[in-house]
Amino acid sequence: MPSAMNVNGKVDINTFVDQAAKLAKGLDANTALIYNHSGHTVRFYCYNGGDFIKAISYSKPNIANGYSGEIAAGGSVFKVHPNDKGKDEFLVKPRKAYVYKGPGKIDQV
């Protein structure tokens with residue numbers, strides 16, 4: 001399991017969008033960057049893209065609204081369940097940056 005699953009800190013959404021692509025390129029091959037713009041603290045349960053059972057999450061960082069953090073899993077895509085709700089699943093790619101706006105609302109930056 002990678003050690004780089006830290007919350008990066010509070011940042012303005014416009015600053016995040018301006019800098020996210022550059023920051024994401026420097027990430028480990030098993031991590032992606034996410035900014036929580038949902039209005040609520042969210043625990044992002046991350047699973048390997050090929051994991052069909054989803055018994056154990058690879059990472060599950062808790063990211064407050066207005067903060068960015070790293071999410072981690074393995075494979076060419078990760079399955080992410082906000083607050084462990086499979087019905088709200090979305091996919092992310094490693095070394096990319098995303099803005100999470102709430103269930104069903106995720107944008108790649």
Side-chain angles (χ1 to χ4, degrees):
M1 189 175 294
S3 61
M5 293 186 302
N6 301 320
V7 172
N8 293 332
K10 188 165 178 84
V11 65
D12 175 82
I13 183 72
N14 295 318
T15 302
F16 177 82
V17 170
D18 288 343
Q19 298 176 1
K22 181 179 176 184
L23 293 171
K25 287 180 184 177
L27 292 174
D28 179 276
N30 291 325
T31 58
L33 189 61
I34 193 161
Y35 182 88
N36 182 2
H37 195 56
S38 69
H40 307 282
T41 297
V42 176
R43 183 171 300 271
F44 293 95
Y45 288 76
C46 304
Y47 300 92
N48 296 336
D51 188 357
F52 296 103
I53 298 173
K54 297 178 212 67
I56 300 172
S57 61
Y58 192 87
S59 69
K60 51 185 176 188
N62 203 38
I63 303 175
N65 183 62
Y67 284 76
S68 66
E70 296 172 2
I71 56 177
S76 59
V77 295
F78 313 156
K79 294 178 181 180
V80 182
H81 293 187
N83 293 321
D84 208 20
K85 295 181 180 173
K87 67 180 178 65
D88 296 332
E89 177 181 284
F90 60 89
L91 303 176
V92 300
K93 294 182 180 179
R95 293 187 174 154
K96 300 290 181 188
Y98 298 87
V99 174
Y100 177 75
K101 298 176 184 175
K105 301 173 188 167
I106 184 89
D107 293 325
Q108 183 178 336
V109 183

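Worth knowing before you read on, the calculation uses all heavy atoms, side chains too, and leaves out hydrogens, waters and symmetry mates. None of these values were measured; they are calculated from a predicted model.
Taking both residues in full, the closest heavy atoms of V80 and C46 are given as CG2-SG, 4.3 Å, listed atom of the first, atom of the second, then distance. Across L33 and A20, no two heavy atoms sit closer than the pair CD2-O, 4.4 Å.
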Please assess Y35 against V17 for the test side-chain contact (heavy atoms from CB on, under 4.5 Å), listing each intermediate value before the final yes or no.
CA-CA 9 Å; Y35 182 88; V17 170; over 6 Å; no
Working note: V92 + I34, criterion side-chain contact (heavy atoms from CB on, under 4.5 Å); need CA distance, chi angles, decisive distance, verdict.
CA-CA 9 Å; V92 300; I34 193 161; 5.5 Å; no
Show the numbers, then the answer: is there a side-chain contact (heavy atoms from CB on, under 4.5 Å) between I63 and V42?
CA-CA 5 Å; I63 303 175; V42 176; 5.9 Å; no
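Grouping the Ile, Leu, Val, Met, Phe, Trp and Tyr side chains by contacts below 4.5 angstrom, directly or via other members, places I71 apart from V77. Linking ILVMFWY residues whenever their side-chain heavy atoms come closer than 4.5 Å, directly or via other members, places F78 and F90 in the same cluster. Y45 and L91 are members of different hydrophobic clusters when ILVMFWY side chains are connected at heavy-atom separations under 4.5 Å.
The CZ atom of F44 sits 13.5 Å away from the OG atom of S57 when rounded to the nearest 0.5 Å. Taken from NE2 in H37 to CD1 in I13, the straight-line distance is 5.0 Å, to the nearest 0.5 Å.
Every residue was checked against the side-chain contact (heavy atoms from CB on, under 4.5 Å) condition with D18, not counting sequence neighbours, and none meets it. With sequence neighbours left out, the side chain to side chain donor-acceptor pair (under 3.5 Å) criterion links D88 to no other residue.
Between the side chain of S38 and the backbone N or O of H40, at least one donor-acceptor pair lies under 3.5 Å. N83 contributes a side-chain N or O that, together with a main-chain N or O of R43, makes up a donor-acceptor pair within less than 3.5 Å.
Y58 places a side-chain heavy atom less than 4.5 Å from the side chain of N30.
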Donor-acceptor contacts under 3.5 Å from residues 93-104 side chains, at least two apart:
from, atom 1, to, atom 2, distance (Å)
R95, NE, L27, O, 2.8
Y98, OH, K93, N, 2.8
K101, NZ, D107, OD2, 2.6

